[in-house]
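Only one structure is covered here, and it is reproduced in the block below.
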Amino acid sequence: MPQRFRLVSLLADGRFHSGEELGRALGVGRAAVWKLVKGIEAWGLEVFAVSGRGYRLSEPLELLDRALILADMRPEARVLLAGLDVLPGTDSTNRNLMERAAQGLASGFACLAEHQWAGRGRQGRDWISPFGANLYLSVLWRFEDAPAALASLSLAAAVAVARALADMGVQDIGLKWPNDILWQERKLSGILLEMAGEPAGPCYVVAGVGLNVNMPPASGDLIDQSWVDLRGIVGRPLARNPIAAGLLSRLLEALETFSHHGLSPFRAEWRRLDCIQGRTISISSPGGGAQQGTALGTDESGALRVDVDGHVRRFHSGEVSVRTRP
Ligand code: BTN
């Protein structure tokens with residue numbers, strides 16, 4: 001186990017620990033403890049250092065616990081899980097699984113990390129991933145279909161996240177095409193799907209979900225869009241292990257259902273949660289250029305239908321922003 005992670009485990013109770021005590025437990029001197037503290041601050045943790053008392057985290061930390069997560073999963077999902085890694089840190093859980101998928105990792109394998117140092121968002125953005133604060137989860141799924149047939153999987157994955165949030169009693173969730181999960185117009189969770197495979201053959205997908213749970217303010221300041229975390233919604237810090245279990249369960253179930261039935265079992269729920277339908281939006285295409293119109297909902301392939309100057313146009317990819325005027 002890396003020394004930095006051992007230090008976090010020692011500090012997780014939120015109490016003061018002297019440099020001497022920490023050094024003894026880690027088998028290093030006090031100067032090395034100080035260096036390790038700087039290292040965990042770089043992970044996004046807030047550490048108070050008080051002379052004569054030692055170090056403590058700004059608040060206690062509940063670390064991810066593989067056994068608790070497995071025990072809390074929905075039984076119908078547990079049988080779909082091929083394996084689960086819970087890592088102290090990785091560059092990106094998506095990249096981690098994409099690499100191992102190429103070497104034959106089994107469908108249904110999942111990876112959670114306490115921290116990502118190169119978390120990936122959609123459209124080439126970063127996903128801010130401080131240690132121990134939120135959930136960063138990826139699941140590998142193999143499909144018989146060619147990659148092009150899976151365009152609408154984004155929407156099914158978003159419905160899965162909305163289901164996990166509904167299981168926890170979170171209300172007022174809205175979905176913004178293609179797969180943003182919003183609460184009162186602020187981003188709570190995002191999904192990044194990455195695929196590889198032959199144009200006409202089987203392929204695999206890594207579905208990655210980032211869910212803001214207890215975002216530290218200093219990390220939140222780095223996010224360049226309006227965001228919210230579960231703590232902000234329910235008004236208190238939340239235990240991440242049961243949330244991870246619910247999220248993983250709903251995602252696995254959705255991947256399994258989608259592989260047999262496609263988007264149709266998800267469409268009614270998508271329509272109910274669609275928070276841009278009827279609104280004036282601007283949609284920018286990956287290749288550049290933006291169009292404005294009225295969002296009309298999605299079609300059976302998951303494409304967004306937009307009324308642009310009286311003509312219905314379909315968008316298969318792009319970034320939507322909602323215009324403030326009605
Ligand atoms: C978005 O921009 O809305 C998508 C964000 C997806 C973030 C998750 S966190 C787990 C997984 N690993 C990554 O590097 N990205 C996804």
Side-chain angles (χ1 to χ4, degrees), residues 43-44 64 69 84-101 105 109-141 153-162 164-165 173-183 185-196 204-216 219-220 222-230 240 243-248 250-252 254-255 273 275-276 283-284 286 304 317-322:
W43 282 353
L64 292 175
I69 295 169
L84 172 64
D85 278 348
V86 177
L87 308 175
T90 182
D91 50 356
S92 148
T93 54
N94 263 35
R95 199 215 50 80
N96 184 299
L97 288 191
M98 283 299 280
E99 185 179 303
R100 292 156 70 198
L105 191 71
F109 201 98
C111 177
L112 276 158
E114 290 284 14
H115 164 57
Q116 300 184 117
W117 55 84
R120 301 177 184 177
R122 290 182 63 239
Q123 314 277 344
R125 292 204 196 94
D126 295 334
W127 188 257
I128 304 296
S129 310
F131 187 99
N134 305 313
L135 289 173
Y136 321 114
L137 165 70
S138 298
V139 178
L140 167 67
W141 201 264
L153 180 57
S154 283
L155 281 69
V159 169
V161 175
L165 292 166
I173 292 297
L175 300 181
K176 188 182 94 173
W177 186 90
N179 55 19
D180 278 350
I181 292 93
L182 308 183
W183 181 81
E185 315 252 324
R186 290 145 75 189
K187 186 144 164 176
L188 173 62
S189 173
I191 297 170
L192 178 68
L193 297 185
E194 297 188 70
M195 306 191 184
Y204 56 82
V205 174
V206 170
V209 181
L211 173 64
N212 298 334
V213 183
N214 301 310
M215 180 73 83
S219 300
L222 304 174
I223 302 177
D224 60 1
Q225 53 188 320
S226 166
W227 63 272
V228 67
D229 59 6
L230 286 174
R240 289 176 306 144
I243 305 173
L247 192 60
L248 175 56
R250 288 300 193 177
L251 194 56
L252 283 164
L255 288 163
L273 296 171
C275 61
I276 60 168
I283 178 161
S284 45
L304 179 66
S317 60
E319 186 74 357
V320 166
S321 52
V322 178

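Indexing begins at 1, ligand by ligand and atom by atom, following the structure's order. Because the structure is a prediction, the values reported are computed rather than measured.
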Sidechain N-carboxylate O distance under 4.0 Å for R120, E194: yes
What residue and atom, counting heavy atoms only, is the protein's closest point to atom 5 (C) of ligand 1, and at what distance? W127 CE3, 3.3 Å
Considering the heavy atoms of R122, write down every atom of ligand 1 situated less than 4.0 Å from one of them. 1 (C), 2 (O), 4 (C)
Electrostatic pair D85-R100, nearest N-O below 4.0 angstrom: yes
Using a 4.0 Å heavy-atom threshold (strictly under), name the region of V209 that reaches ligand 1: side chain, backbone, both or neither. backbone
If you measure every N/O of Q116 against every N/O of ligand 1, is any gap under 3.5 Å? yes
Which ligand 1 atoms does G119 reach within 4.0 Å, using its non-hydrogen atoms? 14 (O)
Any side-chain heavy atom of N179 sitting closer than 4.5 Å to one from L155? no
Any salt bridge linking R125 with E319? Criterion: basic side-chain nitrogen under 4.0 Å from a carboxylate oxygen. yes
Top protein contact for atom 3 (O) of ligand 1, by heavy-atom distance: K187 NZ, 2.6 Å
Roughly how far, to the nearest 0.5 Å, is the CD1 atom of I223 from the CD1 atom of I128? 6.0 Å
Atoms of ligand 1 under 4.0 Å from any heavy atom of L137, numbered from 1 in the order shown, are 10 (C)
Below 4.5 Å, heavy atoms only, C-beta onward: do L211 and D229 meet side chain to side chain? no
For atom 8 (C) of ligand 1, closest protein heavy-atom neighbour: G210 N, 3.5 Å
Give yes if a backbone or side-chain nitrogen or oxygen of R120 is under 3.5 Å from a nitrogen or oxygen of ligand 1, and no if not. yes
Under the criterion side chain to side chain contact (heavy atoms under 4.5 Å, CB included), I'd like the reasoning laid out for I69 against L112: C-alpha separation, chi angles, the key distance, then a yes or no. CA-CA 10 Å; I69 295 169; L112 276 158; 3.7 Å; yes
Which ligand 1 atoms, with their elements, are less than 4.0 angstrom from a heavy-atom of I191? 3 (O), 4 (C)
To the nearest 0.5 Å, tell me how far L135 CG sits from T93 OG1. 10.5 Å
Top protein contact for atom 10 (C) of ligand 1, by heavy-atom distance: T93 OG1, 3.2 Å
